[in-house]
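Okay, structure first, notes after.
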Amino acid sequence: MTIYDRPPRSCRRPAPCICLAVVLFGSAALMLIPQRWAAPLQQAAQASLRPGLVVAAALRDRTQRLLGVAGNLGSGAERAASLEEEVRQLRLQNDQLQAEVAWLRSQSNEPREDHNVTPTRLLVQGKLIEARVLGRQAQAILQRQGLLDIGSQRGVSPGDLVLDQGAAEGAARGQLVICGGRVWGKVLRTGVRTSIVERATDAGFRDLVRLASGPRGVLEGTGQRHCRLKMVEVTQAVAVGEPVFSEANEGLVEGQLLYGYVDRIEKSPGAAYWEIWVRPAVTQGLPPRVAVLTGEVL
Amino acid sequence: MTLATRTIVFLAWAWLAAVFDSGIAPLLSIGEVAPNACMLAALLCVVLNAAPYSFLGSGIFGIAADLAGTSRLGPALACFTLVGYGITRLPIHGRPVRQAAALVAGSTLLAWTMGLLQYAFHFSAAASSIVLKHSTGVGFYTAACAIALFAATRLAQRGD
């Protein structure tokens, strides 16, 4: 029997519904894979996207530049005015940077290269007011003495965290409350002798923060154990474990005040910003002693 | 085109869609919502292709979406394949209005199912209202982009 005499071999494809069942079974199996096994695969896939992302970034920059040039066409006078303004701003920045360099040199122990530069005087200096968190008993004593008005319109409500320092000592709304170099929260309201603290994890809390790698975002309290960091674009690199610092203390204290660490990073499909969950650095429920960061004009 | 060549072409498209999602889609965002290129490509793949196995192509875009994300692997693969299969069973081919309606329904359904899966299996820690709002936004935005691309494809085909 030659091959021409044999009946044609049947080449059957599985039915579409069988293919669907196989794919769904495969996806269910993938969902059960532990995240520690899936993460290297995802990292490898994301690394493979890198050349494309570099090209996309270059295209984006070029398009923005072209749009800028197109926007300035036919408005020579406006362009000249904007350039002059830019030059003025850059000169101003230059002067500020020179002053900053001079001040830094005055602070450092290295020998000065330029003896003609005199260090600039500080305008505002950070000042810490030590405070204690009042427990229920302490609040009750103060209430009896008429120093706390619990239940009135802008007074203290049950469950509020009350500090024993208020406006008389310089505390004001929005000032950072620090515990061992880490930010615990902010002053929400002040009385004459007392003030109320809003913790970073409390719902409604918001502050401008910066990740250690540079991107800025808005830290929000969720009312749960973790805070949420918003407005960090997905084009920015963020790593789990990265520290999150406060931006509010700039110009008041040297060094950085830690809010917490990046605990989890998520990206919803089609989202423009990362969903970042931050583990607060202050893990104590009620630290016995804290400090309110204020400033004084020198 | 052989199966191998077709798979390579789909993988290349999936890579491009993933690059678009990470690098360019954020620039097109309205609020916190940006179009999802993988979803869009998967839907166009099944709507423009009348073959009964075209849903497997949408599954490739699903794998790309899973790998480009940060949550668990699998949900996008399952959702894309299931919705793609549903669309291939509908009598829409050669009927542009039905195809456009399938694009809108498919993208909204895909966005919602993926949001629901993320919420139900705790892949996302966001509140349910936020997930729902975001999914609806992504679905409609992607549908709008898909319809624009579909119309452009139809016009180009008519020009030929």
Side-chain angles (χ1 to χ4, degrees), chain A residues 13-17 19-35 37-39 41-46 48-57 59-60 63-64 222 224 226 228 230-231 233-236 240 263-275 277, chain B residues 15-16 18-29 31-39 52-53 55-56 59 62 64-79 81-82 85 88-89 110-111 114-115 117-118 121 123-127 131 134-135 137-139 141-142:
Chain A
R13 278 181 178 178
C17 57
C19 293
L20 176 70
V22 170
V23 174
L24 289 182
F25 181 76
S27 60
L30 280 175
M31 274 188 242
L32 294 175
I33 287 178
Q35 192 60 21
W37 294 358
L41 279 175
Q42 285 174 323
Q43 280 167 6
Q46 281 158 13
S48 78
L49 299 181
R50 197 165 182 79
L53 290 175
V54 170
V55 173
L59 277 175
R60 189 183 59 193
T63 313
Q64 278 173 350
T222 56
Q224 292 167 357
H226 286 70
R228 193 169 172 220
K230 296 175 83 176
M231 307 308 286
E233 289 187 358
V234 291
T235 46
Q236 305 275 8
V240 172
D263 196 50
R264 197 165 67 233
I265 309 165
E266 291 172 4
K267 181 180 160 278
S268 303
Y273 301 100
W274 290 113
E275 276 180 24
W277 300 88
Chain B
W15 184 83
L16 277 176
V19 167
F20 187 92
D21 271 346
S22 300
I24 297 170
L27 299 174
L28 307 174
S29 62
E32 284 195 28
V33 172
N36 188 325
C38 287
M39 202 185 282
Y53 293 92
F55 68 91
L56 293 176
D66 274 334
L67 286 171
T70 49
S71 57
R72 276 182 185 275
L73 294 176
L77 171 62
C79 294
T81 316
L82 206 58
Y85 178 77
T88 54
R89 308 299 291 172
L110 260 182
M114 285 185 62
L117 269 180
Q118 288 199 334
F121 292 107
F123 302 152
S124 169
V131 172
H134 183 261
S135 304
V138 172
Y141 198 166
T142 309

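Note on naming: letters A, B, ... go to the chains in the order of the sequence lines (proteins, then strands), and numbering restarts at 1 for each one.
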With a 4.5 Å cut-off on side-chain heavy atoms, are [Y] and [X] touching?
X: Cys19(A); Y: Tyr85(B); value: no
X: Pro16(A); Y: Thr88(B); value: no
X: Asp66(B); Y: Leu30(A); value: no

At a 4.5 Å cut-off on heavy atoms, which part of [X] comes close to chain B: side chain, backbone, both, or neither?
X: Ala38(A); answer: both
X: Ala15(A); answer: backbone
X: Ser48(A); answer: both
X: Ile33(A); answer: backbone
X: Leu24(A); answer: side chain

Do any N or O atoms from the side chain of Gln42(A) and from the backbone of Leu67(B) form a donor-acceptor pair under 3.5 angstrom?
no
Of the backbone (N, CA, C, O) and the side chain (C-beta and beyond), which part of [X] lies under 4.5 Å from a heavy atom of chain A, both, or neither?
X: Leu16(B); value: neither
X: Ala18(B); value: both
X: Ala65(B); value: neither
X: Pro52(B); value: both

Would you name the heavy atoms of Leu53(A) and Val19(B) that are closest together and state the gap between them?
CD2-O, 3.8 Å
List the atom of Met31(A), the atom of Ala78(B), and the distance in Å for their closest heavy-atom pair.
CE-CB, 4.3 Å
Partner chain B: residue of Ala39(A), Ala28(A), Cys17(A), Ala56(A) with the largest heavy-atom pair count (under 4.5 Å):
Cys17(A)
For the candidates Ala68(B), Ser29(B), Ala25(B), which exhibits the highest count of non-hydrogen atom pairs separated by less than 4.5 Å from chain A?
Ala68(B)
Which one, Leu73(B), Leu77(B), Leu56(B), leads in non-hydrogen pairs under 4.5 Å with chain A?
Leu73(B)
